[in-house]
Amino acid sequence: MCRLRPPSYKAVVDEFAAAIRSGAIPAGARLPTHRALARERRIALATATRVYAELAALGLVVGEPGRGTFVRERSGYDGLEPSRALPVPRLADLSFNQPLAPGQTELLRQALSALAATGDAEALLHQHPPGGRRRDRAVVATYLLERGIDVPPQDVLLTGGSQQALDVVLRALTRPGDVLAVDALSYPGIKLLASAHSLELAPVPVTPTGPDLDALDRLCRVRPVRAVYTQPTVHNPLGWVLDREHRDRLVAVARSRDCLIVEDGTYAFLDASPPPPLQALAPERTCHVAGLSKNVATGLRFGFAVLPGRHVGRVARSLRAAAWGSPGIVTALATRWLSDGTVTRLEGSRREDAAARQGIARAALAGLDVTAHPTSYTVWLGLEPHQRPDHVAAVLAEEGILVSTADAFATGPHRPRALRLALATPPPDELRGALHRLRETIEAIPP
């Protein structure tokens, strides 16, 4: 007699995934326990656990310790890609920061007119060398002096945004399988890049004031950590600014374990007087990346990488293979605004705007579990034990409010019960109303 073979692990994953995506298993449904699944499908308990782990990695289910495994309710920014379809007219997008300053459109018109009137406008259409021309790199190097970074122009490479800067640095200076230490809650883009370059993310526990550096040191002792990715000034999503003692300790760990430091300064401009950047403390091993997307405009894809001299050639070759760098017209606009003080003025305006929006958020969310930097554009909002972030995001979407869940920022298996609120996009009056609606909606969710 022919005996039927039990379904393979992959077949079970595919079957559940298809049913969830089609709606046959609805959002919020509780799935069988691991033991029940193993019994029903005639598979080992370890295999059943692997099935649910794979579904969780696909973003289709979420495990609740002591309660079971549930089909995710996907709304807002609950993973690496945002779902922006709402069942009602949008009230506010609190899932993504797109800050604009009053009068910025006119600034753009004036700058473009001035560029068009230059004696050699045709040069704007020429291809620049990978990493930019020396004079443009010198403009960025001069700008960085006010931010505590003193490097020669040849140690600066221009890129098409800070994400591209991160990409080419990791592409050039790591190999598939390398271990990248990263905060347990961190910028979602680093997860995309780690996946693209086959890097293993090693999450470092976080504390209210920064990463747990004792845990980082232990990690580096037992694992061959190639690099540490960190946001020491105005962390996304937690808003911390590492003090000088923490920075010195992080540098000491990196030096003792011979790790690279990849310092992301994207939001650093929001703190008017931070401690020295890590690049200034450990220039021999720190790759500092930043850009103009948050301090000027998200559509101005202009960034840069500051590198130890010995790595410049490798990263420049990586940049050439990827996309050469920032386009000539974008570079001309960016360097013009860097040179004439426009960027510095806009950064000051951003800090004032962010402080005002944090004031609105503190008033609207008073008494809730809120973590935020006083002049940042983000709020980390902790939820009650009975509130699943994906479910809360779905309920808010029904009210026309898009938010991000902790899943987007979690680099390890632990997913906190929290939302990340981006404050920069709605006008202030709309932001105030949206946050009050958000609070009322969350508090109305029954236990």
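Just so it is clear, the model here is predicted, and its values are computed rather than measured.
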TODO: For Asp264 and Tyr187, run side-chain hydrogen bond (donor to acceptor under 3.5 Å, both in side chains): C-alpha distance rounded to whole Å, both residues' side-chain angles, the deciding distance at 0.1 Å, then the answer.
DONE: CA-CA 10 Å; Asp264 189 337; Tyr187 165 55; over 6 Å; no
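Exactly one of Leu170, Thr159, Leu157 qualifies for a side-chain contact (heavy atoms from CB on, under 4.5 Å) with Val315. That residue is Leu157.
Residues Pro416 and Pro389 share a closest heavy-atom pair of O-CG, 3.8 Å. Across every non-hydrogen atom of Ser318 and Val168, the tightest pair is OG-O, 3.2 Å. Pairing each heavy atom of Ala361 with each of Leu435, the nearest pair is CA-CD1, 3.7 Å. Here the closest non-hydrogen pair linking Trp240 and Pro208 is CB-O, 4.4 Å.
By the 4.5 Å heavy-atom criterion applied to side chains, His34 and Val51 are not counted as neighbours. Within the 4.5 Å cutoff, the side chain of Leu423 has heavy atoms near those of the Val379 side chain.
Remark: Asp214 engages Arg249 in a salt bridge (charged side-chain N to carboxylate O under 4.0 Å, His left out) (not counting sequence neighbours).
In summary, Arg50 and Glu54 do not engage in a salt bridge, as defined by a charged side-chain N under 4.0 Å from a carboxylate O. The residues Glu106 and Arg109 are annotated as salt-bridged, a charged nitrogen and a carboxylate oxygen being separated by less than 4.0 angstrom. At a threshold of 4.0 Å, the pair Lys10-Glu15 does not count as salt-bridged, since none of the basic side-chain nitrogens sits closer than that to a carboxylate oxygen. Ion pairing between Arg257 and Asp217 holds under the 4.0 Å rule for side-chain N and carboxylate O. Note on Arg35 versus Glu40: no salt bridge recorded, every NZ/NE/NH1/NH2 to OD/OE distance being 4.0 Å or above. Comment: Asp429 engages Arg432 in a salt bridge, judged by a side-chain N to carboxylate O separation of less than 4.0 angstrom. Looking at Asp243 and Arg247, no side-chain N of the basic residue comes within less than 4.0 Å of a carboxylate O on the acidic one, giving no salt bridge.
Between Gln98 and Thr425, the side chains place no donor N or O within less than 3.5 Å of an acceptor N or O (distance only, hydrogens not considered). Inspection of the His197 and Asp167 side chains reveals an N or O donor paired with an N or O acceptor under 3.5 Å.
In this structure, Glu440 contributes its side chain and Arg437 its backbone to no donor-acceptor pair below 3.5 Å.
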